[in-house]
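So the structure is just underneath, and the comments pick up after that.
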Amino acid sequence: MDLHLHSTVSDGTDAPAALMAAAKAAGLDAVALTDHDTFDGLEQGRAAASALGLEFLAGVEMSAEVGGHSVHLLGYGCRVDDPALAGELDAVRDGRFGRLPRLLRRLAELGMPLTEADVAVFAEDASSLGRPHVADAMVAKGYVRDRDEAFGRWLADDKPGYVPRYATPLVRAIELVRGASGVAVLAHPWSKRGRHDLSERYLRELAREHGLDGIEVDHPDHLPAERAILRGLVDELRLVATGSSDYHGTGKKAGYALGACLTDPDMYRRLVELIGARGGVVG
């Protein structure tokens, strides 16, 4: 069970149907499509998964923030017609598109001029435009070798090319996911500098006071020692522990291949049961 995959509807490089075919070829039996801040790929992904005999879980990865720092929340089984959640996702996507001119001005100041048309080539029909599309345009212009260098040198939150945008406060994001009958799982909480913003104490607070349902424990960015600590927290707090590759196709390197990290079948069943108990979308 690989429960964190991205398609071309956000910043992956495989269309939803092609992504399902790749997942089947990789030997997966259950997957979740979790594009950034949009549900737009779910219908196509669900249909393709059904035709292939794959179990499919509808998801979304919300852009959230804590103390001005970026964090991500996975929402599973949400009702896509919930007005509060849909409205917030609209606001986040508007923030993504609204940031682009400012981001391109910053890169031009840094000696790497790009146009919106340059970025559009890589965003194609994506509902959710993001920095990875800008990174791809930077690669095409020869400014960097790949997305990793684009982020590592220029686009990451603490780098010279970073331009902030609107993201949902994390506690509010949890409320919105649960209000839409979904299950709220914190994505890769300790990737990069995440542990500085999401301490063990704060994770306990999120679970005990704000309704966090689970933590993505097994993720390519988490070291074995970090996974062990997170798993202990999950056991202590009786949360759902998920595992996933965070697959983006060719947008990320080999460590993020389909099935790189997996969700335990018992935890997957708990997740699905929780969605069903809340009246969310199962399948």
Side-chain angles (χ1 to χ4, degrees), residues 1-62 72-78 80 122-128 130 132-133 136 147 182-183 185-188 191 214-222 227 240-276 280-283:
M1 288 83 178
D2 193 338
L3 302 186
H4 186 167
L5 310 179
H6 293 277
S7 78
T8 52
V9 173
S10 64
D11 56 348
T13 59
D14 299 333
L19 176 57
M20 296 302 109
K24 182 71 173 180
L28 297 172
D29 50 11
V31 296
L33 181 58
T34 55
D35 279 318
H36 291 284
D37 305 310
T38 181
F39 296 122
D40 286 353
L42 294 182
E43 184 175 349
Q44 184 184 355
R46 182 182 289 111
S50 177
L52 292 164
L54 274 174
E55 288 190 46
F56 181 83
L57 194 58
V60 64
E61 185 171 16
M62 289 188 70
H72 290 166
L73 183 73
L74 294 160
Y76 294 108
C78 299
V80 300
F122 298 96
E124 296 182 349
D125 58 350
S127 301
S128 187
H133 301 119
D136 290 342
R147 280 189 184 182
V183 173
V185 175
L186 195 59
H188 45 68
S191 63
I215 296 173
E216 188 178 53
V217 172
D218 292 308
H219 183 277
D221 287 347
H222 287 164
R227 297 185 194 193
V240 174
T242 65
S244 50
S245 62
D246 199 359
Y247 177 79
H248 285 68
T250 58
K252 284 192 174 182
K253 292 187 175 177
Y256 300 85
L258 285 164
C261 293
L262 297 171
T263 298
D264 179 83
D266 288 339
M267 284 291 179
Y268 175 72
R269 284 190 287 272
R270 278 185 57 188
L271 176 61
V272 171
E273 288 169 1
L274 188 52
I275 294 168
V281 180
V282 178

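We count residues from 1, following the sequence as given.
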Checklist entry - Does the side chain to side chain contact (heavy atoms under 4.5 Å, CB included) test come out yes or no for Asp218 and Asp264, once each step is laid out? => result CA-CA 10 Å; Asp218 292 308; Asp264 179 83; over 6 Å; no
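- Judged by distance alone, the side chain of Tyr76 and the main-chain N or O of Leu3 form a donor-acceptor pair under 3.5 Å.
- Using a 4.5 Å cut-off on side-chain heavy atoms (C-beta onward), Leu5 and Leu258 make contact.
- For the side chain to side chain contact (heavy atoms under 4.5 Å, CB included) criterion with Ser7, the lone passing option out of Thr34, Thr13, Asp40, Leu19 is Leu19.
- Between the side chains of His72 and Glu216, no donor N or O sits under 3.5 Å from an acceptor N or O.
- Using bins of under 30°, 30° to 60° and over 60° for the plane-to-plane angle, the ring pair His219/His4 lands in the tilted bin.
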Item to check | Verdict with supporting geometry, Arg269 and Met1, side chain to side chain contact (heavy atoms under 4.5 Å, CB included) | outcome: CA-CA 10 Å; Arg269 284 190 287 272; Met1 288 83 178; 5.8 Å; no
Item to check | Met62 vs Asp37, side chain to side chain contact (heavy atoms under 4.5 Å, CB included): CA-CA, chis, key distance, verdict | outcome: CA-CA 5 Å; Met62 289 188 70; Asp37 305 310; 4.2 Å; yes
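- The closest donor-acceptor contact from the side chain of Asp2 to the backbone of Ser245 lies under 3.5 Å.
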Item to check | Chi angles and distances behind the side chain to side chain contact (heavy atoms under 4.5 Å, CB included) call for Leu42, Leu33 | outcome: CA-CA 7 Å; Leu42 294 182; Leu33 181 58; 4.1 Å; yes
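- Contact detail for Asp11 and Pro132: the closest heavy-atom pair is OD2-CG, 3.2 Å.
- In plain terms, the two heavy atoms of Leu54 and Ala30 that are nearest each other are CD2-N, 4.2 Å.
- If you take OH on Tyr256 and SG on Cys261, they are separated by 9.5 Å, rounding to the nearest 0.5 Å.
- Using a 4.5 Å heavy-atom cutoff, the side chains of Leu57 and Leu271 are in contact.
- Separation of atoms NZ (Lys24) and CG (Leu52) is listed at 6.5 Å; rounding is to 0.5 Å.
- In terms of heavy atoms, Arg46 sits closest to Ala58 at NH2-CB, 3.6 Å.
- Under the 3.5 Å distance criterion, the side-chain polar atoms of Thr263 are matched with a main-chain donor or acceptor of Gly243.
- Here Leu74 contributes atom CG and His188 contributes atom NE2; the two are 7.0 Å apart, rounded to the nearest 0.5 Å.
- A distance of 4.0 Å separates CD of Glu61 from NE2 of His6, quoted to the nearest 0.5 Å.
- Scanning all heavy atoms of the two residues, the minimum distance from Pro16 to Gly45 falls at CB-N, 3.9 Å.
- Ser244 approaches Pro220 most closely through the heavy-atom pair O-CD, 3.4 Å.
- Checking side-chain atoms of Ser10 against main-chain N and O of Asp35 turns up no donor-acceptor pair under 3.5 Å.
- Shortest non-hydrogen contact noted between Phe39 and Gly59 is CD2-O, 4.2 Å.
- A heavy-atom distance below 4.5 Å is not found between the side chains of Asp29 and Glu55.
- Using modelled atom types, one side-chain atom of His222 and one backbone atom of Val217 make a donor-acceptor pair closer than 3.5 Å.
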